[in-house]
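First comes the structure, then the notes that go with it.
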Amino acid sequence: MKIEDIAKIANVSKSAVSFALNNKPGISEATREKILKIAKEYNYEPMKTFKKKAEKTINFVVFNDDALISNHYQSLPFFNDLINLVAEQSSLQGFTLKINTISPTTSELKNVLDAPENTGV
């Protein structure tokens with residue numbers, strides 16, 4: 001049985017069922033009792049909750065050096081297309097894309113690479 005099924009039987013919205021099952025405000029006590037009674041009668045069991053996976057991050061590092069790359073690199077067609085493609089593919093694979101624009105100094109690069117979200121990735 002799904003929330004949709006309970007909503008249909010109780011003649012309420014799926015949101016109302018969710019409020020009742022999660023003990024949240026937003027519905028009357030009578031509606032809450034009606035929904036909980038139906039859930040009990042039909043042996044409703046919520047879907048197992050999934051543990052949130054550790055966030056996987058891809059760091060896209062752009063070295064901002066006027067001799068090599070313009071300060072407005074984002075507006076250049078190549079970079080714009082590249083970043084969009086990397087973001088799209090990262091998302092499809094379950095990664096978050098983080099773009100870091102830094103000047104090429106050792107300390108800034110070290111800070112990006114040593115960030116906590118980079119551990120183990």
Side-chain angles (χ1 to χ4, degrees):
M1 171 162 274
K2 298 179 185 176
I3 288 178
E4 292 87 358
D5 301 324
I6 296 172
K8 188 180 263 187
I9 294 167
N11 198 28
V12 297
S13 69
K14 292 186 290 185
S15 297
V17 175
S18 177
F19 290 158
L21 295 175
N22 292 301
N23 200 27
K24 297 204 176 200
I27 57 172
S28 71
E29 202 52 44
T31 301
R32 182 181 314 280
E33 289 174 13
K34 178 181 176 181
I35 292 168
L36 294 176
K37 181 181 177 187
I38 291 169
K40 185 176 181 179
E41 284 176 13
Y42 286 86
N43 297 319
Y44 170 77
E45 290 185 30
M47 292 178 62
K48 293 180 181 177
T49 56
F50 297 97
K51 288 184 178 179
K52 184 179 177 185
K53 293 181 180 179
E55 187 172 298
K56 301 180 286 185
T57 303
I58 293 177
N59 276 306
F60 189 94
V61 180
V62 178
F63 292 98
N64 190 7
D65 183 353
D66 288 335
L68 300 172
I69 299 174
S70 163
N71 283 331
H72 304 288
Y73 70 89
Q74 300 98 330
S75 63
L76 298 173
F78 170 78
F79 280 105
N80 192 27
D81 290 346
L82 177 64
I83 290 170
N84 286 336
L85 180 64
V86 171
E88 178 183 317
Q89 292 301 313
S90 299
S91 178
L92 289 173
Q93 299 299 319
F95 287 87
T96 300
L97 178 64
K98 182 177 177 185
I99 301 172
N100 300 283
T101 304
I102 61 175
S103 60
T105 64
T106 307
S107 63
E108 287 183 34
L109 177 58
K110 183 168 176 25
N111 288 340
V112 169
L113 296 177
D114 289 343
E117 66 267 14
N118 294 328
T119 306
V121 177

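Positions are given from 1 along the sequence. Quick caveat, the model's predicted, so the values are computed rather than measured.
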- Ile35 side, atom CD1; Ile6 side, atom CD1 - distance, nearest 0.5 Å: 8.0 Å
- side chain to side chain contact (heavy atoms under 4.5 Å, CB included) filter on Gln89, not counting sequence neighbours, yields Leu85, Leu92
- Note on the structure: In short, side chain to side chain donor-acceptor pair (under 3.5 Å) pairs touching residues 10-22 with sequence neighbours left out are Ser18-Asn22
- Message: Under the rule for side chain to side chain donor-acceptor pair (under 3.5 Å), what residues qualify as partners of Ser90, not counting sequence neighbours?
- Response: none
- Query: Minimum heavy-atom separation for Ala20 to Leu36, with atom names?
  - Reply: O-CD2, 3.8 Å
- Note on the structure: dist Gln93:CD -> Glu88:CD (nearest 0.5 Å) comes out at 11.0 Å
- Query: Got a donor-acceptor contact below 3.5 angstrom from the Arg32 side chain to the Lys24 backbone?
  - Reply: yes
- Give the minimum heavy-atom separation between Ile27 and Phe19, together with the two atoms involved. CG2-CD1, 3.8 Å
- Note on the structure: Between Ala39 and Leu21 the two heavy atoms that sit nearest each other are CB-CD2, 4.1 Å
- Message: Show me the pairs that pass side chain to side chain donor-acceptor pair (under 3.5 Å) and involve residues 34-47, at least two apart or across chains.
- Response: none
- Flag side-chain contact, heavy atom, 4.5 Å: Val12 against Val17: yes
- Any side-chain heavy-atom pair from Ile38 and Glu33 closer than 4.5 angstrom? no
